[in-house]
Amino acid sequence: MAEAASSENKVSVEHRGGVAIVAIDNPPVNALSFSVRKPLHDALVRLRDDAATAAIVVTCAGRTFIAGADITEFGKPMQDPDLRALIALLETIEKPTVAAIHGTALGGGLELALGCHFRVADKAAKLGLPEVKLGLLPGAGGTVRLPALIGPLMALDMISSGTPIAASEALEAGLVDALATDGLVADAAAFAAVKAAEGGPFSSVRLRRDKIEAVDGEQLEARIKAIVGKAKGLRAPVACTEAVRNAVLLPFDEALAAERTLFVELVASDQSKAQRHLFFAEREAAKVEGVDKSVKPRPIHRVGIIGAGTMGGGIAMAFANGGIPVTLVEAAEDALQRGLERIEKNYAISVSRGSLSEAAKAERMARLSGTTDYASLAECDLIIEAVFEDMVVKKGVLAAIDKVAKPGAIIATNTSYLDVNALAASVSRPQDFAGMHFFSPANIMKLLEIVRGRETAPDVLVTLLSLARTVGKVPVVVGVCHGFVGNRMLTARGADVEALLLEGASPADVDKAFTDFGWPMGPFQMWDLAGLDISWRNRKALGKTALIADWLCEQGRFGQKTGRGFYLYADGRTAQSDPELASHIADEAKRLGIAPRAISAEEIIDRTLYPLINEGSRILEEGIAARESDVDLVWVNGYGFPIGKGGPMFWARQKGLATIVERLAYWHQKTGKDVFHPSEWLKAKASEG
Ligand code: 3H9
């Protein structure tokens, strides 16, 4: 019979013979909030002392086992019992305790399960310690118990990557003791009853030393070195390695105490706050203004893509990787073959690097079918044009798609800058039309800007959001404007950099200020990589000029691909400063009457990052982005804004909006440039404090 253990009913206990089934029910993901910890603690104490209870199973209602501590509680005063006390309590119970795991046992959820004597899992379950992705480390014993149970090397990989493993792998590693066959709770209860009948004492993970003692210290240090080398300025992965090393070197309780110290440091850090902000930002982005939860996505069984060039091919790979069949259409047979060959080559590179198996490659290639016949698009549920960035060309292609697409199919344009409403006018069903702005390489970059046209139907947005998540993208719904959120802000970020060159900074000075800030590369490295000719063409179309970049293009210096751009690339890859460019810049400065001076990294950040933030605030003012966190997602996932700084708007809030407004106003007064004119939005928010 079942009994409620708390007035809120988040933990209930059912007795099946001598086995007590403790069920947690805290939707949506059974996070270990205070409202769970308290009744769970009370129930465990009662069952520990109850002579009629021979064994205890801890399980969860709903779609998953515990997905971790309640992240919303971080930064607030912790209410007792805390998770460590709960796990310590579990470890003192002298009756067999079994965690029955389905869905995902993550973070504090897996740590709680490690406090049980045994773990039984559903075959489809996943188990992991993803705290590192939140800028944290497992803070309830995970860095000490997991190494003890499965060995320090495997534990280090799991903890420092945050990637969960499948139940079958967990079984092999000894993380779970059995996989359920007849029904999780029934099997876990039967398992517990057998263990109770066999009798104790029951060994807790804290007593295991065999795998710790067997570890090859040199191998562990080599693995730690590799992880630290790839940490990119983030503290959490490094702290994870320290904690696992402690688990090997220190006695159990000392390692636990050291883990606690690291956790306390990390949870209060700006980096973790930024990463937690991004976690919730991704979830918020799924909520779209004017679209309520009852709107259902349209089924997408096959995607059609027009254009097998770099972009179209990358998009095709993104869907094929995510398990969605693709029809790839090109105008001519030879272009189609070239496109398919490029895709095959890309997959072959992944196989040679060991990141993809031959079988997975074959599966992905089998999802791609190429054709030159538009009629094949009739079977597609979503058709994306990825042809040349030109309004007339795109309109022609969209009109042709409109003729063959079945009723209800979604038609999308992959444009970086063009007016999505104008493009929507070329199809007879603008309600089924939207922009899908992928970022190159589209099979790798996570960001997808979903551009909501004037008439885009709510269920089209819901479909694209859900499809994007299915194929591992981070989607953000944006409104129509030139360059949408990302590229429009990118233009603002670059608006003053040529002036920096003329005033005395070198491309290397600017790029170094960027990489020191945490960007993967600076603007000049990025332009050289992307090819200077693209933006040159764009500028010419818009009747705009850029003094230095235009000069480079006139010399045929288009960046890395021509061996020269803002830098020289003698070996085709390594950037070296170019004396010829330096002297050209000096001549131009002289001609313009600009006296060169030393420019600090701080000034470089002022004159690039603050216009970026200012443009972001204008985008919010105009409603092109719905919320600050959407802008942050765009910049972290599409342009390499450092994750540990949470995105430009989050960073601006941390820095203080009043400071940003004040610096912008200073530069506006000095240069007269509109990019520095502080937006009304920024001024209003700054005055709110
Ligand atoms: C930790 O455990 C620290 C300990 O080591 C030490 C403690 C001392 N807390 O993702 P979804 C919300 S750190 C609070 O859309 P899915 C989420 O915001 C934690 N809320 O579902 C969303 O809310 P809303 C380590 C949470 O099915 C809703 O649940 N654990 C938490 O696509 C649904 O989420 C993790 O890092 C949480 N822990 O994916 C796991 N988790 O509906 C984090 C979720 O209002 N969670 N929410 O927007 C996940 O990875 C995914 O949510 C999960 C489900 C895979 C579980």
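Atoms within each ligand, like the ligands themselves, are counted from 1 in listed order. The shown structure was predicted, so the numbers you read here are calculated from the model rather than taken from an experiment.
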I need the atoms of ligand 1 closer than 4.0 Å to a non-hydrogen atom of [X], numbered in the order shown.
X: Glu111; answer: 4 (C), 5 (O), 6 (C)
X: Gly107; answer: 2 (O), 25 (C)
X: Asp70; answer: 9 (N), 14 (C)
X: Gly139; answer: 4 (C), 5 (O), 6 (C)
X: Pro138; answer: 5 (O)
X: Phe280; answer: 18 (O)
X: Glu131; answer: 1 (C), 2 (O), 3 (C), 4 (C), 5 (O), 13 (S)

Give a yes or no answer on whether the side chain of [X] reaches the backbone of [Y] with a donor-acceptor pair at less than 3.5 Å.
X: Asn30; Y: Thr64; value: yes
X: Arg206; Y: Phe252; value: no
X: Glu73; Y: Ser33; value: no

* What pairs meet the side-chain hydrogen bond (donor to acceptor under 3.5 Å, both in side chains) rule with one or both residues in residues 110-121, with sequence neighbours excluded? ->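 As it turns out, the side-chain hydrogen bond (donor to acceptor under 3.5 Å, both in side chains) pairs with a partner in residues 110-121, which skip direct neighbours, are Thr97-His117.
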
Are [X] and ligand 1 in contact, using a heavy-atom cut-off of under 4.0 Å?
X: Glu282; answer: no
X: Lys133; answer: no
X: Leu134; answer: yes
X: Arg469; answer: yes

Would you say [X] and ligand 1 have an N/O pair spaced under 3.5 Å apart?
X: Arg283; answer: yes
X: Thr104; answer: no
X: Leu136; answer: no
X: Gly108; answer: yes
X: Pro130; answer: no
X: Thr72; answer: no

Distance to 0.1 Å, residue and atom name: give those for the protein heavy atom nearest to [atom].
atom: atom 7 (C) of ligand 1; value: Ala69 CB, 3.8 Å
atom: atom 30 (N) of ligand 1; value: Ala67 O, 2.8 Å
atom: atom 48 (O) of ligand 1; value: Lys287 NZ, 3.1 Å
atom: atom 31 (C) of ligand 1; value: Val29 CG2, 3.8 Å
atom: atom 46 (N) of ligand 1; value: Phe279 CZ, 3.6 Å
atom: atom 9 (N) of ligand 1; value: Ile71 N, 2.9 Å
atom: atom 50 (O) of ligand 1; value: Leu106 CD1, 3.9 Å
atom: atom 27 (O) of ligand 1; value: Arg63 NH2, 2.8 Å

* Would you call the rings of Phe484 and His437 parallel, tilted or perpendicular, where under 30° means parallel and over 60° means perpendicular? ->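 Plane angle between 30° and 60°, so tilted.
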
* **Ring geometry between Trp635 and Tyr639 (parallel below 30°, tilted from 30 to 60°, perpendicular above 60°)** =>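 Rings of Tyr639 and Trp635: parallel, under 30°.
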
* In Å, rounded to the nearest 0.5 Å, how long is the span from NZ of Lys473 to CG of Leu465? ->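 Answer for the NZ-CG pair, Lys473 versus Leu465, is 14.5 Å.
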
* CG-OG distance between Leu137 and Ser160, expressed to the nearest 0.5 angstrom ->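 OG of Ser160 is found 11.0 Å from CG of Leu137.
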
Which atoms form the tightest heavy-atom contact between [X] and [Y], and what is the distance?
X: Ala442; Y: Gly314; answer: CB-C, 3.6 Å
X: Val57; Y: Ala192; answer: CG2-CB, 4.0 Å
X: Pro138; Y: Ile159; answer: CD-CG2, 3.8 Å
X: Asn246; Y: Ala258; answer: ND2-CB, 3.5 Å
X: Leu134; Y: Ser272; answer: O-OG, 2.8 Å
X: Val326; Y: Ala320; answer: CG2-N, 4.2 Å

* Is the distance between the ring centroids of His277 and Phe650 under 6.0 Å? ->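 Here the rings of Phe650 and His277 have centres that are less than 6.0 Å from each other.
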
Closer than 4.0 Å and a protein heavy atom, does any atom meet both conditions relative to [atom]?
atom: atom 42 (O) of ligand 1; answer: no
atom: atom 37 (C) of ligand 1; answer: yes
atom: atom 23 (O) of ligand 1; answer: no

* Please list, chain by chain and in numerical order, all residues satisfying side-chain contact (heavy atoms from CB on, under 4.5 Å) with Phe280, sequence neighbours excluded. =>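 Expected list: Ile71, Thr72.
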
* For atom CD of Glu172, decide whether the heavy atoms of other residues, nucleotides or ligands shown that lie under 6.0 angstrom number more than 12. =>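 No, because the 6.0 Å sphere around CD of Glu172 holds 12 heavy atoms or fewer from other groups.
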
* To do: Between Ser272, Gly162, Ser33, Pro28, flag the one that comes closest to atom 12 (C) of ligand 1 by a heavy atom.
  =>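 When every heavy atom of Ser272, Gly162, Ser33, Pro28 is considered, Pro28 comes closest to atom 12 (C) of ligand 1.
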
